[in-house]
Amino acid sequence: MQERVTTALLGALNGARLKGQLKTTAWPTLTLDAPKRPEWGDLASTVAMSLASSEHKAPHDIAQIIVENLSQGEQLFDRVEIVRPGFLNLTVKPALWQEVLREIELQGVRYGRALVGAGRRVLIEYVSANPTGPLHVGHGRGAAVGHAVVRLLNAIGYDAVGEYYINDAGRQMKLLGASVYARYQELSGRTAEFPEDGYHGSYITIVAQQIKEQLDLVAGELTPADLETRCRTLAYQILLRLIRDDLRSFGIEIQSWFSEASLLESKAIERALDELKTRELLFKQDGAWWFRASVYGDEKDRVVKKQDGEYTYLASDIAYHHDKLRRGYDLLIDVFGADHHGYIPRMQAVMQAYGHPKDRLQVVLVQLVKLLRNEVEVKMSKRTGEFITMREVIDEVGADAAKFYFLMRDSKTHLEFDLELAKQRSADNPVYYVQYAHARICSLWRVASERGMVRPSAVETDLTVLTDPDELGLIKKLSAYPEMIQASALAFEPHRVTYYLQQLAAQLHTFYNKHRVLPPATDQEHNESVSAEVLTPKRTAARLVLMGAVQHVLRNGLNVLGISAPEHM
RNA sequence: GCGCCCGUAGCUCAGUUGGAUAGAGCGCCGGGCUUCGAACCCGUAGGUCGCAGGUUCAAUUCCUGCCGGGCGCACCA
């Protein structure tokens with residue numbers, strides 16, 4: 001729909017240029033706004049005003065010229081109006097809106113999908129929590145956002161894949177092993193010294209208990225050092241499985257898992273650094289090796305190999321991103337916690353160091369979740385082991401509600417999440433509002449089929465009876481869906497979808513409350529007296545088609561966010 | 001001190017990339033089910049868009065400077 005109008009406008013502009021009425025060579029990109037007030041029409045364009053300066057003409061005159069050159073205006077619009085400064089307000093013929101419903105029914109689950117990605121390959125790295133403990137709420141938000149971005153990009157024609165980078169090497173792993181080993185010793189009745197920076201969470205003891213059960217048979221034959229190693233690898237495996245299970249119960253399957261340790265084993269770190277060395281982007285100073293990040297706009301150079309010969313975390317990350325580039329992705333997206341934002345210039349420097357534009361890597365920042373319980377902030381700390389896990393949140397409020405909640409707000413702003421509120425009022429969580437709209441429509445199908453009615457198809461139905469403002473309003477909202485999805489995907493901002501869905505659901509509820517779709521089950525003579533609109537079979541059929549289209553869009557929208565669209569609730 | 005993010009209704013937040021009289025949920029107050037699901041709807045109240053300049057036909061949106069909040073600024077990960 002929007003496309004047809006845009007091309008019509010473009011045609012008018014070009015026509016005017018041919019006649020010499022306009023002289024601008026490159027038109028600005030034509031966007032159509034949905035005006036806020038009904039008297040401003042269905043769609044509005046601001047081209048005339050943005051052309052004012054380059055044309056040296058009054059916006060109103062330019063608008064006039066455009067209108068004169070609208071060759072198919074008669075077929076498309078009921079009304080074309082020029083308002084004050086130079087708004088071009090278009091009222092589209094209902095027949096064209098009605099066609100949108102046929103389009104939606106025809107495309108079904110594909111409605112809202114697009115090809116703008118042209119199959120370009122994108123890798124989205126998200127969550128990537130250290131496998132040293134369960135996922136907490138903050139990870140939940142990152143998971144929801146990353147997952148939604150993957151699905152959004154796939155929806156508009158990219159070939160997008162999600163990946164989890166496992167930090168299974170280095171200091172954190174050693175600490176994990178030592179912590180579990182200490183608890184293991186305690187469980188065996190021996191005193192043990194707990195590592196200073198170890199993990200204090202109670203889950204460590206539980207893991208140690210599991211490991212003890214596995215190791216008790218062979219423990220006698222192992223040296224303490226061996227035992228500690230076994231503790232480390234077993235704990236790692238247990239925790240990674242836990243993370244995977246948590247994500248799965250959150251409805252998230254990450255396609256690819258990438259191990260940091262594999263970079264060490266395969267010497268990929270050496271190779272990646274060697275390549276930097278040949279590009280003269282590494283230098284040695286004070287016994288350490290440095291990456292010349294400052295050449296590419298980072299504030300300072302960064303150590304990649306310490307005096308003691310150990311690699312820094314950055315070295316692994318360089319090798320990891322080097323590997324991503326080698327795998328041939330057109331675009332890399334890292335979903336970072338906002339506290340890592342200082343890392344962005346550094347990683348974009350890495351892109352450039354390997355000869356790519358810095359925007360080959362895009363970063364989606366996810367601000368930390370401020371967790372509340374009864375309006376009191378819950379402090380979280382891995383050190384003391386006091387934190388609310390993602391699992392708890394899912395168990396308390398459900399995966400759908402948690403996801404929707406995490407996706408409701410722009411990811412780079414703070415999110416308040418009150419557990420008690422979410423629990424107590426789970427029934428009026430916005431996600432249920434949207435899902436309820438879907439379920440309500442489904443219930444129409446059930447009632448209709450009980451009455452032996454057949455669901456009408458859009459093509460065979462006379463849709464011209466859909467002229468009520470509430471009906472056309474719904475259709476307009478539906479027609480805006482594909483553009484919304486595209487904008488949301490390209491900006492990596494899933495919250496636009498949740499916002500849209502709430503608006504659409506609101507319109508549906510309003511409609512549902514005000515108008516009937518199916519005739520009343522029993523004939524009631526006295527009810528037709530008051531304000532009842534005439535519900536002809538024709539109108540019922542057309543409205544059923546409309547309801548079907550709304551259902552499709554609600555389902556597609558929820559689906560792209562990874563949220564279910566239940567038929568009853 | 002430097003850098004990034006944020007500041008919009010009592011609270012939590014949107015605002016379609018610069019458009020017209022700035023919106024929603026919650027909360028407050030008042031209404032609406034004998035009929036397709038009331039997990040819903042309708043109405044009232046609530047605003048100097050942090051402050052001050054600038055850019056232009058037009059600024060909540062872009063620029064500059066302040067103020068306030070959060071987070072970063074390791075040979076840690």
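These numbers were taken from a predicted model, which means no experiment stands behind them. All chains are named by letter (A, B, ...) in the order of the sequence lines, taking the proteins before the strands, and each is independently numbered beginning at 1.
- For A:Met49, the side-chain atoms get nearest to B:G19 when compared with the rest of B:G19, B:A20, B:G37.
- Between the C1' atom of B:A38 and the CZ atom of A:Phe511 lies a distance of 18 Å, rounded to the nearest Å.
- Pairing partner, B:C29: B:G43, with both Watson-Crick or wobble hydrogen-bond distances short of 3.5 Å.
- Residue A:His414 is classed as a sugar-phosphate contact, given heavy-atom separations below 4.0 Å to backbone atoms only.
- Nucleotide B:C51: paired with B:G65 (Watson-Crick or G-U wobble, both distances less than 3.5 Å).
- Within the structure, every side-chain polar atom (N or O) of A:Arg446 is placed at least 4.0 Å from both OP1 and OP2 of B:G37.
- Candidate nucleotides B:C75, B:G19, B:G37 were compared by shortest atom distance to the side chain of A:Asp286, and B:C75 ranks first.
- Whole-Å rounding puts the A:Arg539 CZ to B:C36 C1' distance at 16 Å.
- Side-chain proximity of A:Tyr432 to B:C75, B:G19, B:A39: nearest is B:A39.
- Under the side-chain contact (heavy atoms from CB on, under 4.5 Å) test applied with A:Ser45, the options A:Ile66, A:Leu9, A:Asp33, A:Asn89 reduce to a single match, A:Leu9.
- With a cut-off of 3.5 Å on both Watson-Crick or G-U wobble distances, the partner of B:A58 is given as none.
- Considering only the side chain of A:Lys300, B:C73 comes nearest among B:U35, B:A77, B:C73.
- Picking from B:C13, B:C40, B:G37 the nucleotide with the shortest atom distance to the side chain of A:Ser443 gives B:G37.
- Minimum atom distance to the side chain of A:Thr312 is reached by B:A77, of the listed B:A20, B:C36, B:A77.
- Just one of A:Lys477, A:Lys514, A:Arg543 meets the salt bridge (Lys or Arg N to Asp or Glu O under 4.0 Å) condition when paired with A:Glu471; it is A:Arg543.
- In this structure, CG of A:Asp410 is placed 13 Å from C1' of B:U17, rounded to the nearest angstrom.
- Contact between A:Ala293 and A:Asp301 at its shortest, heavy atoms only, is N-OD1, 3.2 Å.
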Please evaluate residues A:Glu493 and A:Ser411 with respect to the criterion side chain to side chain donor-acceptor pair (under 3.5 Å), reporting the C-alpha separation (whole Å), side-chain torsions for both, the decisive distance (0.1 Å), and the verdict. CA-CA 7 Å; A:Glu493 289 180 357; A:Ser411 73; over 6 Å; no
Assess whether side chain to side chain donor-acceptor pair (under 3.5 Å) is satisfied between A:Thr91 and A:Asp42, documenting all intermediate values. CA-CA 5 Å; A:Thr91 305; A:Asp42 300 329; 5.1 Å; no
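- Within the nucleic acid shown, A:Glu299 comes within 4.0 Å of sugar-phosphate atoms alone, with no base atom in reach, counting heavy atoms only.
- Within 90° of 0 lies the glycosidic angle of B:U17, which makes this nucleotide syn.
- Atom CG of A:Asn513 is separated from atom P of B:A38 by 7 Å (rounded to the nearest Å).
- Taking only distance into account, the side chain of A:Arg496 never meets the base of B:U16 through a donor-acceptor pair shorter than 3.5 Å.
- Among the atoms of the strands shown, none is found under 4.0 Å from any heavy atom of A:Ala480.
- As the counterpart of B:G72, B:C2 is assigned, both hydrogen-bonding distances of the Watson-Crick or G-U wobble pattern falling under 3.5 Å.
- For A:Tyr164 and A:Tyr126, the ring centers sit 6.0 Å or farther from each other.
- Heavy atoms of A:Asn167 sit nowhere under 4.0 angstrom from any nucleic acid atom.
- Distances shorter than 4.0 Å separate some side-chain N or O of A:Thr413 from OP1 or OP2 on B:A14.
- Between A:Met547 atom CE and B:G37 atom C1' there is a gap of 14 Å when expressed in whole angstrom units.
- A 3.5 Å limit on both hydrogen-bonding distances identifies no Watson-Crick or G-U partner for B:U35.
- Under the stacking definition used here (centres under 5.5 Å, planes under 30°), the residue A:Tyr433 fails to qualify as stacked on the base of B:A39.
- Within 4.0 Å (heavy atoms only), A:Asn89 reaches at least one base atom of the nucleic acid.
- Between B:C42 and A:Thr510, a contact under 4.0 Å exists linking OP1 or OP2 to a side-chain N or O.
- A cation-pi arrangement is present between A:Arg455 and A:Trp445, with the terminal nitrogen or guanidinium carbon under 6.0 Å from the aromatic centre and inside a 45° cone about the axis.
- Using a 4.0 Å heavy-atom cutoff across all strands shown, A:Lys305 reaches no nucleic acid atom at all.
- Ranking B:U17, B:U16, B:C41 by closeness to the A:Thr31 side chain, first place goes to B:U17.
- Neither OP1 nor OP2 of B:C5 sits under 4.0 Å from any side-chain N or O of A:Lys412.
- Taking atom CD on A:Gln502 and atom C1' on B:A24, their separation rounds to 8 Å, with Å as the unit.
- Here the side chain of A:Ala491 is nearest to one of B:U35, B:C36, B:U17, namely B:U17.
- For A:His495 and B:G25, the NE2 to P distance is 17 Å, given to the nearest whole Å.
- Stacking between A:Phe87 and B:A20 is present: the aromatic ring centre lies within less than 5.5 angstrom of the base six-membered ring centre, and the two planes differ by under 30 degrees.
- The residue A:Ala439 sits close to a base: some heavy atom pair falls under 4.0 Å.
- Phosphate proximity of B:A77 to A:Tyr313: absent, as no side-chain N or O sits under 4.0 Å from OP1 or OP2.
- Across the protein-nucleic acid pair, A:Leu508 atom CG and B:A39 atom C1' stand 14 Å apart, rounded to whole Å.
- The partner of B:U16 is absent, by the rule that a Watson-Crick or G-U pair needs both atom distances under 3.5 Å.
- A cation-pi contact, defined as under 6.0 Å to the ring centre and within 45° of the axis, is absent between A:Lys305 and A:Trp290.
- For the 3.5 Å distance criterion, the side chains of A:Glu163 and A:Tyr320 qualify, holding a donor opposite an acceptor.
- Side-chain N/O atoms of A:His341 and base N/O atoms of B:G3 include a donor-acceptor pair closer than 3.5 Å.
- Ranking B:C71, B:U12, B:C41 by closeness to the A:Glu416 side chain, first place goes to B:U12.
- Among the nucleotides B:A77, B:A20, B:C36, the one closest to any side-chain atom of A:Arg451 is B:C36.
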